[in-house]
Amino acid sequence: MGHWGWLIAIYLFLGGLGAGAYLSSFAAEKGFLGKTTNLNRVGYYVSAPLVAIGALLLITDLGQGLKKPWLIINMFSNYTSVMTWGIYILTGFIFVAFIKSYFVWKKRQAPAALSYVGAILALSTAAYTGMLLSVIEGVPFWNSYLMPIIFVVSALSTGLSLTSLLAHLFEQNTVHDTRVSKVHLWLVSAELIVVVAFFVLIYAGNQGVAKLSANLLLTESLALPFWLLFVIVGLIAPLIYYVVGKGKSQNILLLSDGAVMVGGMTLRYLVVFAALPVWNGLLS
């Protein structure tokens, strides 16, 4: 297992969740999720706080981040580091998303450029959560170009689920446009396809350590949360509902949204805790 633990797993989840929530409300605001949806507000409210909390956990996990905060400041000038790129992306997104949420709260029209910049930064934030792992060559399981893609699709899916749940709880005249279920069907299907492709590439490759990590998930110590919480609860069950249910039952719809979020958190946990570094002596 790599040196990262629960704090990083939660950061990866909150970062993607906040970014996906912003993009969900942005898509609803632009009419991409249908004309009768009410998802165009709540995602904006929670996006910046979620990413900010996740960023704080990331800084805390750096060890010296709270004891020697000047080390974090110095990272802003290391332009060749993916971590530095991420700090700029996260800082920019949190700033823009807070401003956007203020406009929404005041029921004022935000500048179009602000909303689009926020959407670009949100997508970058979601991608960065996966890119942060994929550039670490010492952990072959992470070192895949598919990792950012998996995290982006999962961020969009979990963010849409959270926004749907919050809209049901806090928005008046709750209406669920059937297009939302269709979009979620596409997202869950895409995530399933990319995850399968990820494992196929691992077993088709020559990196033994990556295969050992994959084995932990598929057949060994992490197989139960992988198959039960991620695959069955987080992917298969929502997929069946989005195909068969077609929005007929609001309660099952809400359960499906909750299941997608459980799967999203489980995915981050599994990715972090299945990581085996090449220097751990497992290969002789």
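- Rounding to the nearest 0.5 Å places CG of Leu12 at 11.0 Å from CG of Leu7.
- Looking at every heavy atom in both residues, Tyr241 comes nearest to Leu253 through OH-CB, 3.5 Å.
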Given the rule in the side chain to side chain contact (heavy atoms under 4.5 Å, CB included) test, do Thr266 and Val262 qualify, once you have shown the distances and angles that lead to the verdict? CA-CA 6 Å; Thr266 304; Val262 169; 4.1 Å; yes
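- Contact between Ser25 and Thr163 at its shortest, heavy atoms only, is OG-CG2, 3.9 Å.
- The cluster map of Ile, Leu, Val, Met, Phe, Trp and Tyr, joined by side-chain heavy atoms under 4.5 Å apart, puts Leu192 and Val194 in the same cluster.
- Applying the side-chain contact (heavy atoms from CB on, under 4.5 Å) criterion to Pro140, with sequence neighbours excluded, gives Gln207, Val209, Ala210, Val278.
- The ring of Tyr128 has its center no closer than 6.0 angstrom to the ring center of Tyr88.
- Note: Ile8 CD1 to Leu132 CG = 6.5 Å, rounded to the nearest 0.5 Å.
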Evaluate the side chain to side chain contact (heavy atoms under 4.5 Å, CB included) criterion for residues Leu162 and Thr158: first the C-alpha distance (whole Å), next the side-chain angles of each, then the deciding distance (0.1 Å), finally the verdict. CA-CA 6 Å; Leu162 177 64; Thr158 55; over 6 Å; no
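- Of all heavy-atom pairs between Ser115 and Ala110, the closest is OG-CB, 4.2 Å.
- You'll find the side chain of Leu17 reaches within 4.5 Å of the side chain of Phe13, heavy atoms only.
- Residues Pro148 and Ser134 are in side-chain contact: their nearest non-hydrogen atoms beyond the backbone lie under 4.5 Å apart.
- Neither Leu270 nor Ile193 shares a network with the other; the hydrophobic side chains, linked directly or stepwise wherever heavy atoms of I, L, V, M, F, W or Y lie under 4.5 Å apart, form separate groups for each.
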List the steps, then state whether side chain to side chain contact (heavy atoms under 4.5 Å, CB included) holds for Trp227 with Leu218. CA-CA 8 Å; Trp227 290 109; Leu218 299 184; 3.9 Å; yes
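- The closest side-chain donor-acceptor pair between His184 and Ser256, if any, does not fall under 3.5 angstrom.
- Val51 and Gly18 make their closest contact through CG2-CA, 3.9 Å (heavy atoms, listed as atom of the first residue, atom of the second, distance).
- Hydrophobic clustering, with ILVMFWY side chains joined whenever heavy atoms are under 4.5 angstrom apart, groups Tyr203 together with Tyr145.
- Rounded to the nearest 0.5 Å, atoms CG (Leu160) and CG (Asp257) are 7.0 Å apart.
- Side-chain contact between Phe199 and Leu217 is present, with heavy atoms from C-beta onward closer than 4.5 Å.
- Put simply, Val271 and Leu146 are part of the same group of oily side chains (I, L, V, M, F, W, Y) that touch within less than 4.5 Å, one to the next.
- Taking both residues in full, the closest heavy atoms of Phe151 and Ala126 are given as CB-O, 4.0 Å, listed atom of the first, atom of the second, then distance.
- Transitive grouping of hydrophobic side chains (ILVMFWY, heavy atoms separated by less than 4.5 Å) keeps Phe273 and Leu224 in distinct clusters.
- Each of Leu216, Val139, Asn215 was scored for a side chain to side chain contact (heavy atoms under 4.5 Å, CB included) with Leu276, with one residue passing: Leu216.
- Each salt bridge (Lys or Arg N to Asp or Glu O under 4.0 Å) pair with one or both residues in residues 95-106, not counting sequence neighbours, appears once here: Glu29-Lys100.
- Here the shortest heavy-atom pairing between Ala167 and Leu39 reads CB-CD2, 3.5 Å.
- Screening Val180, Leu187, Leu185 against Val183 for a side chain to side chain contact (heavy atoms under 4.5 Å, CB included) leaves a single residue, Leu187.
- The CD1 atom of Ile94 sits 8.0 Å away from the OG1 atom of Thr125 when rounded to the nearest 0.5 Å.
- Taking the side chain as every heavy atom from C-beta outward, Val46 and Leu50 approach each other to under 4.5 Å.
- Interatomic distance, Phe198 CZ to Ile202 CD1, rounded to the nearest 0.5 Å: 3.5 Å.
- Side chains of Arg268 and Ser154: a donor-acceptor N/O pair is present below 3.5 angstrom, by distance only.
- Considering only heavy atoms from C-beta on, Tyr116 comes within 4.5 Å of Phe26 through its side chain.
- Screening residues 93-112 for ring pair (Phe, Tyr, Trp, His ring centres under 6.0 Å) gives Tyr22-Phe93 as the qualifying pairs, with residues at least two apart or on separate chains.
- For Trp186 and Tyr242, the distance between ring centers is not under 6.0 angstrom.
- In this structure, CD1 on Ile236 lies 12.0 Å from CG on Leu228, to the nearest 0.5 angstrom.
- By the 4.5 Å heavy-atom criterion applied to side chains, Phe230 and Tyr269 are not counted as neighbours.
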Applying side chain to side chain contact (heavy atoms under 4.5 Å, CB included), run through Met261 and Ser157 and close with a yes or a no. CA-CA 8 Å; Met261 294 177 63; Ser157 184; over 6 Å; no
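- Side-chain contact check for Met131 versus Val135: some heavy-atom pair is nearer than 4.5 Å.
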